Chemist: 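The structure that follows is given in the form of structure tokens.
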Amino acid sequence: MDGCIVLNADFSYLNTISWKRAIKLMLAQKVRVVKASDKVVRYGQNQVLRIPSVVALVKLIRIIFRGKVPFSKQNLIVRENGRCAYCGTKTRALTIDHIIPRSRNGDTSFENCVAACKTCNGKKGAKTPNEAGLTLMVRPVQPTIGEFLRKKMVGSGVLDILKELNIY
């Protein structure tokens with residue numbers, strides 16, 4: 001896993017950041033290391049620092065969500081678990097496909113968009129899935145915050161690490 005898992009002070013999952021950012025926060029004493037990796041960074045004269053893989057904030061921050069997950073390509077791919085909504089292929093090269101095409105006044109939202117591989121998206125074109133002979137394997141819905149964070153944790157491998165540390 002690349003990066004460092006950031007936990008809130010109550011050990012709830014917040015995000016994943018780069019190891020460089022984690023070291024900066026650690027040196028600023030804003031986080032404490034929960035688990036360090038085997039990799040080290042050398043700095044100064046003969047100074048060695050182990051790269052953290054899991055850190056927890058020193059102070060608890062309150063997270064105020066706006067009530068729903070914001071729409072973005074990355075969030076759409078997390079919702080679909082990195083799979084094409086038409087053929088189920090797991091690939092990194094996913095595109096956004098509008099179920100009701102934008103040329104027919106379809107909006108860009110979680111309810112009208114799915115992640116699709118380039119082959120299926122090209123086959124569908126500016127048609128509806130029925131017109132293109134494609135069937136959706138998933139039902140496009142607005143994800144809840146809890147469901148979204150869980151999918152993000154599972155997809156990135158964070159959940160396995162937190163279970164290993166008996167945090168989750």
Side-chain angles (χ1 to χ4, degrees), residues 1-22 24-25 30-31 34-35 52-122 124 126-130 132 134-165 167-168:
M1 165 167 203
D2 298 333
C4 178
I5 300 167
V6 180
L7 305 174
N8 209 340
D10 64 354
F11 287 90
S12 59
Y13 173 74
L14 287 178
N15 203 357
T16 304
I17 60 173
S18 71
W19 63 269
K20 291 179 183 180
R21 177 81 176 128
K24 288 177 188 175
L25 291 171
K30 293 185 178 188
V31 295
V34 176
K35 182 180 178 187
S53 57
V54 180
V55 295
L57 294 176
V58 173
K59 293 183 180 179
L60 182 72
I61 60 168
R62 296 186 76 204
I63 303 172
I64 301 172
F65 292 109
R66 286 174 230 150
K68 62 181 186 174
V69 178
F71 181 84
S72 71
K73 180 180 178 180
Q74 182 180 8
N75 291 349
L76 185 68
I77 291 171
V78 168
R79 181 191 76 178
E80 309 291 358
N81 297 320
R83 297 186 181 277
C84 174
Y86 297 109
C87 66
T89 305
K90 189 168 183 115
T91 178
R92 289 184 167 253
L94 291 172
T95 59
I96 294 177
D97 179 58
H98 291 74
I99 298 167
I100 299 172
R102 288 191 296 179
S103 61
R104 298 185 187 180
N105 296 325
D107 63 337
T108 302
S109 66
F110 278 113
E111 292 83 10
N112 188 47
C113 293
V114 293
C117 65
K118 291 183 179 182
T119 306
C120 291
N121 202 352
K124 182 178 165 290
K127 304 172 196 164
T128 64
N130 290 339
L134 296 170
T135 56
L136 284 168
M137 297 177 77
V138 295
R139 189 169 153 237
V141 294
Q142 170 76 41
T144 63
I145 300 287
E147 163 189 35
F148 177 76
L149 287 175
R150 179 147 179 87
K151 282 186 176 191
K152 192 172 179 181
M153 286 176 21
V154 169
S156 64
V158 170
L159 190 61
D160 297 332
I161 293 170
L162 295 179
K163 283 183 179 178
E164 178 185 310
L165 294 170
I167 294 173
Y168 199 83

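Please read all numbers here as calculations on a predicted model, not as lab measurements. For the numbers below, each heavy atom of this structure counts, side chains included, while hydrogens, waters and symmetry mates do not.
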Chemist: If only atom types and distance count, is the side chain of N8 paired as donor or acceptor with the main-chain N or O of L14 below 3.5 Å?
Modeler: no
Chemist: Starting at CD1 of I77, measure out to OG of S72 and round the result to the nearest 0.5 Å.
Modeler: 8.5 Å
Chemist: By side-chain hydrogen bond (donor to acceptor under 3.5 Å, both in side chains), which residues pair with N15, not counting sequence neighbours?
Modeler: none
Chemist: Which heavy atom of F110 sits nearest to which heavy atom of R79, and what is that distance?
Modeler: O-NH1, 2.7 Å
Chemist: Over all heavy atoms of both residues, which pair between N75 and P70 is shortest? Give the atoms and the distance, please.
Modeler: ND2-O, 2.7 Å
Chemist: Examine distances only and state if a side-chain atom of D10 and a backbone atom of L60 form a donor-acceptor pair shorter than 3.5 Å.
Modeler: no
Chemist: Are any of the side-chain heavy atoms of I96 and L76 separated by less than 4.5 Å?
Modeler: yes
Chemist: So, using side-chain hydrogen bond (donor to acceptor under 3.5 Å, both in side chains) as the criterion, who are the partners of T108 when residues are at least two apart?
Modeler: H98
Chemist: If I take atom CG from residue D107 and atom CZ from residue F71, how far apart are they, to the nearest 0.5 angstrom?
Modeler: 9.0 Å
Chemist: Which heavy-atom pair separates C84 from C117 by the least distance, and what is that distance?
Modeler: SG-N, 3.3 Å
Chemist: For K151, what residues pass the salt bridge (charged side-chain N to carboxylate O under 4.0 Å, His left out) criterion, not counting sequence neighbours?
Modeler: none
Chemist: From K90 NZ over to N81 CG, what is the distance, rounded to the nearest 0.5 angstrom?
Modeler: 6.5 Å
Chemist: Ignoring hydrogens and geometry, is there a side-chain-to-backbone donor-acceptor pair from K73 to L94 under 3.5 Å?
Modeler: yes
Chemist: Distance from E164 atom CD to D160 atom CG, nearest 0.5 Å?
Modeler: 8.5 Å
Chemist: Would you say I100 and N105 make side-chain contact, with heavy atoms under 4.5 Å?
Modeler: no
Chemist: Taking the side chain as C-beta and beyond, is there a heavy-atom pair between T89 and T119 under 4.5 Å?
Modeler: no
Chemist: Return yes if some donor-acceptor pair links the side-chain N/O of N121 with the main-chain N/O of A116 below 3.5 Å, else return no.
Modeler: no
Chemist: Identify the heavy atoms of V58 and A9 that sit nearest to each other, and give their distance.
Modeler: O-CB, 4.0 Å
Chemist: Could you list the donor-acceptor pairs under 3.5 angstrom formed between side-chain atoms of residues 134-142 and any protein atom two or more places apart in sequence or on another chain?
Modeler:
residue, atom, partner, partner atom, Å
Q142, NE2, V69, O, 3.0

Chemist: To check you understand the geometry: which heavy-atom pair defines the closest contact between P101 and A126, and what is its length?
Modeler: CG-O, 3.4 Å
Chemist: I'd like to check the salt bridge (charged side-chain N to carboxylate O under 4.0 Å, His left out) partners of K124; sequence neighbours left out, ordered by chain and number.
Modeler: D97
Chemist: Go through the side-chain N and O atoms of N130 and T128 and say whether any donor and acceptor fall under 3.5 Å apart.
Modeler: no
Chemist: Donor-acceptor check, side chain of S53 to backbone of K35, threshold 3.5 angstrom: yes or no?
Modeler: yes
Chemist: Considering residues at least two apart in sequence or located in another chain, which fulfil the side-chain hydrogen bond (donor to acceptor under 3.5 Å, both in side chains) criterion with E147?
Modeler: none
